[in-house]
There are 2 protein chains.
Amino acid sequence: MAGNKGKVTIFDVAKAAGVSSSAVSYALNGKPGVSEATRAKVLRVASELGWKPNGAAQSLAESKTRRIGLILGYDPKLLSVEPYMMGLISGLGAELEEHDYSMLVRLSIGEEDERAIIEDWIATGNVDALLLTNLEIGDPRVDLLKEHPTMKALAIADASLTGGLPTLTSDDAAACGMAVQHLYELGHRNIARVAGPEELGHSYIRDAAFSEITSELGIKYRCLHADYTPEAGADATRRLLSVSPRPTAIIYDNDVMALAGESAANQLGVSVPGDLSIMSWDDSFMCTAAHPNITALNRDIVEAGRMAAALMLKLIDGEEVGVVEEPPYHLRARESTGPAPAEA
Amino acid sequence: MAGNKGKVTIFDVAKAAGVSSSAVSYALNGKPGVSEATRAKVLRVASELGWKPNGAAQSLAESKTRRIGLILGYDPKLLSVEPYMMGLISGLGAELEEHDYSMLVRLSIGEEDERAIIEDWIATGNVDALLLTNLEIGDPRVDLLKEHPTMKALAIADASLTGGLPTLTSDDAAACGMAVQHLYELGHRNIARVAGPEELGHSYIRDAAFSEITSELGIKYRCLHADYTPEAGADATRRLLSVSPRPTAIIYDNDVMALAGESAANQLGVSVPGDLSIMSWDDSFMCTAAHPNITALNRDIVEAGRMAAALMLKLIDGEEVGVVEEPPYHLRARESTGPAPAEA
DNA sequence: TTGTATGCGTTATCAC
DNA sequence: GTGATAACGCATACAA
């Protein structure tokens, strides 16, 4: 309410309400030192004038921005291809909205860039906390943040990668076990996997888990590393299917590659699940939109985002946060996995 | 370089460099009023101390946040399903990084919420400009922003919907023409469309264009409105295929519904493109990852994001921005469209 | 070229 | 319960 051009300040509200500026501040922030009558009046006047505290001034006075930082790895193609990040943002945002917080988002082109952004936030104080995703092994960002404990940070990664930083972790090893078990029970003894980039921390964790589980069960296991894109997923699939004896099942590290892999198999005349079983990781909409539907390890990414936001808010409140577990994976068995073919 | 706990300010830098605070400010901001020697020294000392201007203080002094606001419609499911928004973010971010700007992102649950967020930004001054997407017909946000010209805003929408606000528009009507023309040349005379929500502005634009073009060509045309999700896309497809004579081609307003529609057709024993041609809008990775590949109207969403960011920066600089056109659509013909079947 | 002083809009401390 | 006033950290007009 107001065609205000010159911005309205706390003094305007104070004058209009016939009180002092501190009374306005107290009234607005629910602090004692002001009567109920004046509080009500102040709030009414403030709303009439469409006044809210200026963000910059408030941040400066409180040393608090009410923002958390999020860095998106800049590969525009992959970013829009892979639903994970947007799911995370949905969860983060939903939780943050309830606490009057916002996300400050920046893009990083490479690892160097990402380090620069973190340093920028440390120096400028433009965020109260930040989220670290897609950790690599021995990730320099971890060291950087440990050198600057002033900057609250939460890592989403396996706890073995985060060097003691507050961490939201998922039990990927357990998920690997569920996947292999599912295929083993269907009679598969020659399994392949199309993994994410080798340098990523969670690729590494899964690599280790798969190797161990398959060797325990005496299953043949082969793994190709790709980059999460459909092209790479299709390519890896073709390579896996070109060797003899070819695997009877392929597990993909994300849905995008699984979808592309399924198409690639189709094009080669390899029928799913008759000749080849397919499983995927994450279980986004693609798994159910595909034909045949793709069996997947389902994870609640939005909920993980909510948890991550809640943990960062705890950090900002000065509470201790150690290692917290995401909701567990669930195996969703669908059409793309079936009994292993008689003989390859 | 510094295990600094108490934050370092411009005065610390000034003292360490043996100059005054204003010299530091001038030096850092590349302004005249300081010798090259002192400038160099100041910069060196600042870098040694890891100092950058505090963001809140800078914003307060300059009345400039170096942030643009982005509101994500909060349907976590749809948000992570639909690659459009992330593509836009990629483009926005890429351009903003080059100008030392960031995105402030919030989630809105409904239209009321989104209005509240805009009002919040107007009152708090937490962003220098904001982006309006997914406009509806007679969208109240447009009026709100016209009442508050202080808040720079850019709308991504058909110019007919933005009431004179600065606008980045795309020629969806032309795209509709290309789509129909492509199918017409393949012999299709009974076309259906699975559109986005009826209340969305660009659904409306496309509705009108399709109706006009098909009636001009004397083609049978039917349209069902869905909500962009795979479930709705599959459902609409089944309904369209259940009437006789059934359409020989379906155009989908986004890739997600097209992918789900293709699967639904498969499950019904309707072969693509033998019995049914399928086309999609946007042309994300799903179109090439699907089998058969999906013919699509390709648009460069990332580039649109870059353009949007550049336009907002112009607005912030006080320049006028009218209606600007996105890069044009291109038809990518693929496997999912073929000659119309002889008789339905 | 350099240093000093004031404003930016809040919050919070302190007298009243 | 209320009203001046000092931070908060920077930019900048102004004086030296």
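So you know, we letter chains A, B, ... as the sequences are listed, proteins then strands, and number each from 1.
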Item to check | Bend angle of the helix from C:dT1-D:dA16 to C:dC16-D:dG1, from helix axes over five pairs at each end, nearest 10° | outcome: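 Rounded value for the end-axis angle: 50°.
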
Next on the checklist: How many whole angstroms separate atom NZ of B:Lys15 from atom C1' of C:dG3?
Outcome noted: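 Interatomic distance, NZ of B:Lys15 to C1' of C:dG3: 15 Å.
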
Next on the checklist: Classify B:Thr38 by what it touches in the nucleic acid, base, sugar-phosphate, or nothing, heavy-atom distance under 4.0 Å.
Outcome noted: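 Sugar-phosphate contact only.
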
Counterpart residues, side chain to side chain donor-acceptor pair (under 3.5 Å), relative to [X] (two or more places apart):
X: B:Thr133; answer: none
X: B:Arg141; answer: B:Glu114, B:Asp139
X: B:Ser21; answer: none
X: B:Ser102; answer: none

Which residues satisfy the side-chain contact (heavy atoms from CB on, under 4.5 Å) test with [X], sequence neighbours excluded?
X: A:Leu70; result: A:Leu72, A:Met85, A:Ile89, A:Leu92, A:Met103, A:Val105, A:Leu131
X: A:Ala57; result: A:Asn54, B:Leu60
X: B:Asn134; result: B:Leu200, B:His202

Checklist outcome for this item: Heavy-atom contacts, protein to nucleotides 5-14 of chain C, under 4.0 Å, summarised as B (base), S (sugar-phosphate only) or - (none) per nt, yield --BBBBSBB-

Taking only distance into account, with no hydrogens and no angle test, what donor-acceptor pairs under 3.5 Å do side-chain atoms of residues 306-326 of chain B form with protein atoms, sequence neighbours excluded?
| from | atom 1 | to | atom 2 | distance (Å) |
| --- | --- | --- | --- | --- |
| B:Arg306 | NE | B:Glu95 | OE1 | 3.4 |
| B:Arg306 | NH2 | B:Glu98 | OE2 | 2.8 |
| B:Glu326 | OE1 | B:Arg299 | NH2 | 3.4 |

Checklist entry - When you list every nucleotide of DNA chain D with an atom under 4.0 Å from a heavy atom of chain A, which one comes first 5' to 3', and which comes last? => result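 For DNA chain D, the relevant span reads D:dG1 to D:dG9.
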
Next on the checklist: Under a 4.0 Å threshold between the charged nitrogen and the carboxylate oxygen, would B:Arg39 count as salt-bridged to B:Glu36?
Outcome noted: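 So B:Glu36 pairs with B:Arg39 through a salt bridge.
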
Next on the checklist: According to salt bridge (charged side-chain N to carboxylate O under 4.0 Å, His left out), who are the partners of B:Arg106, at least two apart in sequence or on a separate chain?
Outcome noted: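 In terms of salt bridge (charged side-chain N to carboxylate O under 4.0 Å, His left out), with neighbours along the sequence ignored, B:Arg106 is linked to A:Glu97, B:Asp120.
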
